[in-house]
Amino acid sequence: MTLALFLLVTLAAFEGMSLGTALPTIVADLHGESMYSWPFVAFLAASVVGTVLSGRISDRWGPVPALVVGPLLFLAGLVIAGVAQTMVVLLVGRVLQGVGSGAQVVALYVMIAQVYPERDRPAAFGVLSAAWVIPSLVGPTVAGLLTQHLSWRWVFLSLAPLVAVGVLMLTPVLRQLGIRRDSSGGDERWWLLPLAAVGAAAGLASLTWAAQHPSLGSAGVAAVALAVLVPALRHLLPAGTLVGRPGLPMTILSRGLIAGVFFSVEAYVPLTLSSVHGFSPAMAGLPLTLGSLGWSAASMWQARREGDPQVRIRNGFLLVAVAAVGIVVIAPDWGPPWAVVPLWLVAGAGMGLAMPSISVRTISLSADGEQGANSAALQVCDMLGSACLIGLGGALIGALASTAHPTAAVIPFDLLMAGVALLGAVLVSRK
């Protein structure tokens with residue numbers, strides 16, 4: 001089961017590590033410069049739907065159904081994105097990838113809760129982070145080389161056969177787990193969860209579009225999006241999450257804050273290096289490699305040592321805040337681009353400390369029959385935080401700068417993200 005867990009995360013990580021490196025070339029080739037953030041946003045919004053459905057299904061029937069369907073949808077998304085001739089078709093592929101990825105991640109969390117004893121769960125969540133080591137070592141570089149010398153399409157298509165092999169290799173493990181039926185996870189209003197998931201995804205996408213197309217009409221769209229998004233989140237997240245109520249709600253909120261800051265700043269690092277400093281796609285993806293290595297190393301370190309999860313989460317926020325402030329120096333053309341190397345290694349270490357600790361704490365605070373729902377809430381908060389803040393960065397680039405000259409937008413955006421990370425550290429310390 002550990003091998004199955006490691007395999008699934010590794011395959012998804014390859015794709016995740018590759019997109020940021022190839023995206024500047026993709027949007028240029030498909031004439032989608034005005035939609036730079038949308039491949040991220042579409043993936044994350046669709047992941048909300050996959051995550052919520054997977055949490056519900058896993059609580060009722062175990063993780064097996066989601067571990068079968070999720071990788072297959074991810075595979076279909078890779079193929080569609082790889083053959084896309086327009087940005088719309090690319091986004092369709094990203095939506096399928098998002099649904100599949102969201103479904104399998106929650107199922108893996110439930111599998112850890114059901115299979116591993118409590119003392120081994122920190123190590124199991126450490127495996128989730130360790131699975132990023134190989135993709136982080138070769139993913140961005142390989143993606144850059146494929147983009148530079150062959151085509152960005154191979155960034156997607158080259159993974160499709162590996163995912164197919166992975167599905168076949170998982171079959172014996174899934175047969176051993178089997179499908180269970182547990183009526184205790186049911187309620188009469190079960191149908192509200194999928195509706196809320198779709199509403200959250202639609203509200204998030206609409207809010208992002210409105211932010212990137214400022215006008216009087218867009219203000220109306222944003223108001224409707226918020227009217228849909230806020231009630232949806234009240235069904236998808238534990239009560240009190242949005243206001244940081246102590247305990248499980250604050251734990252889940254912290255996941256959204258730290259993931260949002262890290263991934264939103266990271267999304268614009270390759271763009272800054274390639275547009276401002278003239279880096280090749282392969283070199284622009286190098287910081288993503290280093291960030292993932294720092295993440296994996298810190299995760300494995302914390303898995304082998306006892307410690308207060310609250311302290312580790314707080315320290316993770318502080319390290320990410322330091323890195324976000326430091327990244328500002330590479331935004332101008334006179335800035336030293338090499339500074340991104342140690343800075344993003346520090347950011348990755350912060351994530352490696354915080355993310356496993358947040359997962360362990362969420363599982364420990366979850367009652368039987370609620371592990372799938374709370375794991376889904378954790379992922380939903382993660383994805384919504386990332387999508388909202390990445391979309392905010394795209395809106396700032398559209399309003400203050402451009403993808404060819406992003407400096408005027410990247411500087412205030414990175415400073416704002418550092419402030420969000422500091423706020424997270426304060427909230428975790430107090431609650």
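For clarity, every value in this text was computed on a predicted model and none was experimentally measured.
Rounded to the nearest 0.5 Å, atoms CG (Leu30) and CE (Met87) are 6.5 Å apart. In this structure, CG in Leu378 is found 8.5 Å from CG in Leu248, a value given to the nearest 0.5 Å. Of the inter-residue distances, the one linking Leu427 atom CG with Leu253 atom CG reads 7.0 Å to the nearest 0.5 angstrom. Here CD1 of Ile80 is found 11.5 Å from CG of Leu157. Values are rounded to the nearest 0.5 Å. The distance from the OG1 atom of Thr272 to the CD1 atom of Ile411 is 9.5 Å, given to the nearest 0.5 Å. To the nearest 0.5 Å, atom CG of residue Leu78 and atom CG of residue Leu159 are 6.0 Å apart.
Side-chain contact between Val340 and Val269: present, with at least one pair of heavy atoms (C-beta onward) separated by less than 4.5 Å. With a 4.5 Å cut-off on side-chain heavy atoms, Leu318 and Leu422 count as touching. At least one side-chain heavy atom of Thr407 sits less than 4.5 Å from a side-chain heavy atom of Val276. Taking the side chain as every heavy atom from C-beta outward, Leu345 and Val341 never approach each other to under 4.5 Å. Using a 4.5 Å heavy-atom cutoff, the side chains of Phe413 and Leu400 are not in contact. Side-chain contact between Leu67 and Leu108: present, with at least one pair of heavy atoms (C-beta onward) separated by less than 4.5 Å. Ile313 places none of its side-chain heavy atoms less than 4.5 Å from the side chain of Leu353. Leu271 places a side-chain heavy atom less than 4.5 Å from the side chain of Ile397.
Judged by distance alone, the side chain of Arg153 and the main-chain N or O of Thr147 form no donor-acceptor pair under 3.5 Å. For the pair Thr51 (side chain) and Ala103 (backbone), a donor-acceptor distance under 3.5 Å is absent. Using a distance-only test at 3.5 Å, with no hydrogens or angles considered, a donor-acceptor pair links the side chain of Ser47 to the main chain of Gly98. Judged purely by atom type and a 3.5 angstrom limit, Gln97 has no side-chain atom pairing as donor or acceptor with the backbone of Phe43. In this structure, the side chain of Arg314 does not engage the main chain of Ala425 through any donor-acceptor pair within 3.5 Å. Remark: side-chain polar atoms of Gln104 are not paired, donor with acceptor, to backbone N or O of Ala66 under 3.5 angstrom. Looking at Thr241, its side chain does come within 3.5 Å of a backbone N or O of Pro238 through a donor-acceptor pair.
In terms of heavy-atom proximity, Ala324 sits nearest to Val265 at CB-CG2, 4.4 Å. Taking both residues in full, the closest heavy atoms of Leu90 and Pro39 are given as CD2-CG, 4.2 Å, listed atom of the first, atom of the second, then distance. Arg245 and Ala239 get closest at one heavy-atom pair: NH1-O, 3.6 Å. Heavy-atom minimum distance, Ile258 versus Ala354: CD1-CB, 3.5 Å. Scanning both residues, Leu257 and Gly424, for their nearest heavy atoms gives CD1-CA, 4.1 Å. Trp152 approaches Ala81 most closely through the heavy-atom pair CZ3-O, 3.6 Å.
Annotation: side-chain hydrogen bond (donor to acceptor under 3.5 Å, both in side chains) contacts of Asp382 (sequence neighbours excluded): Arg255. The ring-ring contact (aromatic ring centres under 6.0 Å, His included) check on Phe262 picks up Trp295, Trp344, with sequence neighbours excluded.
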Show the numbers, then the answer: is there a side-chain contact (heavy atoms from CB on, under 4.5 Å) between Tyr268 and Leu273? CA-CA 9 Å; Tyr268 298 102; Leu273 293 176; over 6 Å; no
